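Written below as structure tokens is the structure these notes are about.
Whatever order the structure lists ligands and atoms in, that order sets their numbers, starting from 1. Note that the coordinates shown come from a computational prediction; the quantities given were computed from them, not determined experimentally.
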Amino acid sequence: MNHFLDNSKTVSLDSSIPDYPVLIVENSAGTAKVALHGAHLFEWKPTGADAVIYTSPDAIYKEGKAIRGGIPICWPWFNAHPTDSSKPSHGIGRNRFWELSGLQESDTETILTLSLVSDDVTKKLWPYDFRAEVSIHIGQTLKVELTTVNTDRQPLQIGGALHSYFCVNRISDTSISGLDSTSYLDTVGEETVRTQNGEITFSGEVDRIYTDHSGDIFIKDKVRTLKISRSGSRSAVIWNPWIEKAKGLGDLPDNAYHDFVCVEAANAREDVYLLKPGESHTLSTSVEVV
Ligand code: TA6
């Protein structure tokens with residue numbers, strides 16, 4: 001990894017957390033932090049703006065536990081494994097160390113590429129050969145691309161989500177637009193298919209999978225508007241845990257539900273991809289302050 005960093009002008013290595021390397025990115029467009037663990041971006045602050053990406057002050061930074069916040073790489077399945085509930089929720093990618101495999105940089109943008117290749121550990125959880133790459137573009141816009149290459153001799157199914165946590169000044173003053181008239185699966189309580197009417201507002205737990213949608217989504221609070229775009233995705237997840245669920249998360253302060261909302265570029269439920277040997281799929285999300 002170090003040979004990428006030896007002459008870098010915008011990326012440095014923070015080794016202050018034992019056995020948990022973090023890349024610090026600083027360029028003219030802003031600053032960011034990316035843990036090699038989970039290829040997990042957990043801070044992004046554009047120059048002249050407040051932080052866009054939320055991370056819990058109680059987040060845990062250790063192997064095998066996803067940081068609460070940032071953009072967790074939920075891969076190669078979303079939420080529970082489709083057929084085996086003993087497998088980790090949200091897949092294997094967010095709980096493994098990835099390798100820094102590429103770095104491109106200019107004054108205004110830094111592009112980090114991190115890779116994960118199948119090994120004995122991954123095969124115990126997901127019996128396929130693969131190469132996965134996360135490219136993180138830190139500039140005026142933040143873009144994260146997750147590419148899966150099927151290096152196996154059999155087809156494999158890819159699902160997942162870029163589980164992005166966004167800062168809001170207060171969830172009860174926040175609305176989300178861009179999903180009007182879109183069908184969604186409401187997973188709070190008994191799963192129910194509903195249709196979105198107007199903007200999404202928050203007065204309780206929200207945990208929804210919007211389907212057959214690929215347009216831009218906007219998060220508006222009293223301070224600013226964030227524009228979220230996606231590609232390789234026809235499902236989007238909107239989540240806020242609200243009071244009771246927040247209390248049940250040990251790595252999130254009880255009242256922190258006020259401070260974030262998740263808008264996730266997903267390949268959830270039926271929105272999955274069957275890759276033949278040699279085929280690849282890229283799921284991406286980008287966010288900018290508008
Ligand atoms: O994306 C929404 C969701 O699936 C919620 O149901 C909730 O479980 C959230 O992800 C967080 O999951 P995690 O495993 O990171 O606690």
Side-chain donor-acceptor distances from residues 250-261 under 3.5 Å, at least two apart:
residue	atom	partner	partner atom	Å
Asp251	OD1	Arg68	NE	3.0
Asp251	OD2	Lys65	NZ	3.1
Asp251	OD2	Arg68	NE	3.4

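Outside the 6.0 Å centre-distance limit, the rings of Phe166 and Trp44 are not counted as a close aromatic pair. You'll find the ring centres of Phe42 and Tyr61 inside the 6.0 Å limit.
Shortest non-hydrogen contact noted between Asp50 and Arg224 is O-NH1, 3.0 Å.
Residues Pro72 and His40 have side chains in contact (heavy-atom distance under 4.5 Å, counting atoms from C-beta outward).
One distance of note links CG of Asp186 with CG of Asp207; it measures 8.0 Å at 0.5 Å rounding.
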Between the protein and ligand 1, are there any N or O atom pairs that come within less than 3.5 Å of each other, and if so, what are their names and distances?
residue	atom	partner	partner atom	Å
ligand 1	1 (O)	His163	NE2	2.9
ligand 1	1 (O)	Glu264	OE1	3.0
ligand 1	1 (O)	Glu264	OE2	2.8
ligand 1	4 (O)	Asn79	ND2	2.9
ligand 1	4 (O)	His90	NE2	3.4
ligand 1	6 (O)	Asp207	OD2	2.6
ligand 1	10 (O)	His90	NE2	3.1
ligand 1	10 (O)	His163	NE2	3.0
ligand 1	14 (O)	Arg94	NH2	2.9
ligand 1	15 (O)	Arg68	NH1	3.2
ligand 1	15 (O)	Arg94	NH1	2.9
ligand 1	16 (O)	Arg68	NH1	3.1
ligand 1	16 (O)	Arg68	NH2	2.9

